[in-house]
Structure formats: C-alpha cells, structure tokens
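Keep in mind that what you see is a predicted model, and the values were worked out from it rather than measured. As the structure lists them, so they are numbered: ligands from 1, and atoms in each ligand from 1. When reading the values below, keep in mind they use all heavy atoms of this one structure, side chains included, and skip hydrogens, waters and symmetry mates.
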Amino acid sequence: MEKTTQMYEGKAKKVFATDNPDYCIVSYKDDATAFNGLKKGTILGKGAINNRVTNHLMRLLEKNGVPTHLVEELNDRETLVKKVSIVPLEVIVRNIAAGSLSKRLGLPEGVKMGSTVLEYCYKNDDLGDPMVNEYHILAMGWATKEELDLIASYSFKVNQVLSDYLKEANIELIDFKLEFGKTKDGQIVLADEISPDTCRFWDSTTHEKLDKDRFRRDLGGVEDAYQEIMRRLLGENV
Ligand code: TMP
Ligand code: ASP
C-alpha cells in the first residue's frame, strides 16, 4: 500500500492516508512534549523504539484476545494500521499511585492501591484533557454503554496481559494510557500506541523510572531509558 497525503500531525506521530481508504500509515517522531505541549524536546531514537515496542505489545495483546488496529510494521518508524475513528477518550489504568493521581489524592508515588483504578479523560488539548466519568461520556455521545463496557473490559485485559509479560522483564507496570477506535464495520479496537511515552515502567528491583517521566521531570538518562525498554522487550538495540 502506498502512502498518499498526510491526514494529521500529532505531538508524537504523523498519520498518512494510503491508496486504500480502509488503511492508514502511522509514522512515529522523535519529538517529545509534556504538560499539554508546554515542554518540548527531542528524544533521539524514540520514534523507532515506540514503533517497535508498540507493535510488539499489540501483537501480544492480539494473541490474548484484544483486537487492535495493527496490520503490519513497514519499517523502523512506520506501521500500517486499520483506519479508525478515534473514540475521544484517554483511558488510564493505574496499579500503583503516581503522577496526577498522587497529586490529586495526596498519595505518595509508589503506593500500591487496593485494586486497579480506571479513569477517563476527554481527549481535547484546548481543554487540557479533563477527567470525565461514564455519565459524561454517555451524555456527550462519545461512546455507547455497550462500547464503553467493551473498552473497560479490554483495558483491564490489557493490564493483566502486559503486567504479567513485563514482570518477566523485571519491569513493573505502574500505569498507562490507552486509546480506542472504531473501524468502518463498527468494531472497537485498541489504537494509538503503548510505549514509554504512554506508560510508567519502573524497574521492579530498583524502582528506577524507565519511561517519559525522565523527560517530563528532567531526570536525565532519557534516551538510555527508552533503549533499556527496547532491549528488555525485544532483546536488541536500535
Ligand atoms: P498522569 O499520572 O499524568 O495522569 O498519567 C497517567 C498515565 O498516562 C501515565 O502512564 C502517562 C500517560 N499519559 C499519556 O500517555 N498522555 C498524557 O497526555 C498524559 C497526561 C498521561
Ligand atoms: N504528551 C502529552 C503532552 O505533551 C503529555 C504527556 O505525555 O505528559 O501534553
């Protein structure tokens, strides 16, 4: 399939149309932003790592019954995906308190919660992605009850599959963000990415941060952390 016009440029990816209207090509950038675009930078090698890590994890999820938009990795940075209309929600799954939940509830980072927490944010940069609940989502028509139930059950499944898999690589899955889309046949599938940009990964032994918090918080060793995730999950360097 041939790349045609650019449809969209986001903070970390570009999306291109193809000569087949049912498919798109996603191209991962090295650009990094935080705090709704206020902080900007580059993480060398990030585009290729996030592309490869996302596809690796999506293949694992597909095998475990979670449908995704993934079709085929084309090269280092580019992947062919099913064209979907994105449900305008960021679905956040949390196992351990960190980030905005720690701030909101006054819980120190690293505290294990009694059970998994699911949060929804309305995907809207102008509004700063505000947190919403199921009532807002249904009232606004962003998803139906059936779609939202499916999104929640897929999100818990993703958490279980990824947490178990990452444990083998001595990585603790603290929290992560998912996005879902709807194919032209109306199927809900996992879309976007699953990478150190969108997950908190801590070394299980040392609790060292191996994710974008190193960039957000100016902790240094940003590129090394992305490389380390790539090495632990795919056994190779980029
Ligand atoms: P938070 O603690 O800042 O709300 O982040 C929760 C998780 O969601 C964390 O793993 C990082 C991820 N995330 C994104 O992928 N995109 C975003 O815009 C934000 C704010 C968080
Ligand atoms: N990527 C998001 C932004 O620039 C936020 C984040 O990942 O912290 O706003």
Asks: Distance to the ring centre below 6.0 angstrom and angle to the axis at most 45 degrees; does that hold for Lys83 and Tyr23?
Replies: no

Asks: Heavy-atom contacts with Gly37 under 4.0 Å: which atoms of ligand 2 show up? List them by number with element.
Replies: 3 (C), 4 (O), 9 (O)

Asks: Heavy-atom contacts with ligand 1 below 4.0 Å: which residues, ordered by chain and residue number?
Replies: Glu90, Ile92, Arg94, Ala98, Gly99, Ser100, Asp175, Phe176, Lys177, Asp197, Thr198, Cys199, Arg200, Arg216

Asks: Any side-chain heavy atom of Ile151 within less than 4.5 Å of one from Val91?
Replies: yes

Asks: Among all protein heavy atoms in this structure, tell me which lies nearest to atom 4 (O) of ligand 2, with the distance rounded to 0.1 Å.
Replies: Thr33 OG1, 2.4 Å

Asks: Within a reach of under 6.0 Å around NZ of Lys39, are more than 12 heavy atoms found that belong to other residues, nucleotides or ligands?
Replies: yes

Asks: Does atom CZ of Phe35 have more than 12 heavy-atom neighbours from other groups under 6.0 Å away?
Replies: yes

Asks: Tyr165 vs His56 aromatic rings, parallel, tilted or perpendicular, using cut-offs 30° and 60°?
Replies: tilted

Asks: Please say whether Asp197 places an N or O atom under 3.5 Å from an N or O atom belonging to ligand 2.
Replies: no

Asks: State which residue, out of Thr54, Thr79, Asp192, fulfils the side chain to side chain donor-acceptor pair (under 3.5 Å) condition with Lys13.
Replies: Asp192

Asks: Measure the distance from atom 8 (O) of ligand 2 to every protein heavy atom, then report the residue, atom name and distance (to 0.1 Å) of the closest one.
Replies: Arg216 NE, 2.6 Å

Asks: Side-chain contact, heavy-atom cut-off 4.5 Å: Glu179 with Ile86?
Replies: yes

Asks: Which protein non-hydrogen atom lies closest to atom 7 (O) of ligand 2, naming both residue and atom, and how far is it?
Replies: Lys212 NZ, 2.8 Å

Asks: Would you say NZ of Lys11 has more than 12 non-hydrogen atoms from neighbouring residues, nucleotides or ligands within 6.0 angstrom?
Replies: yes

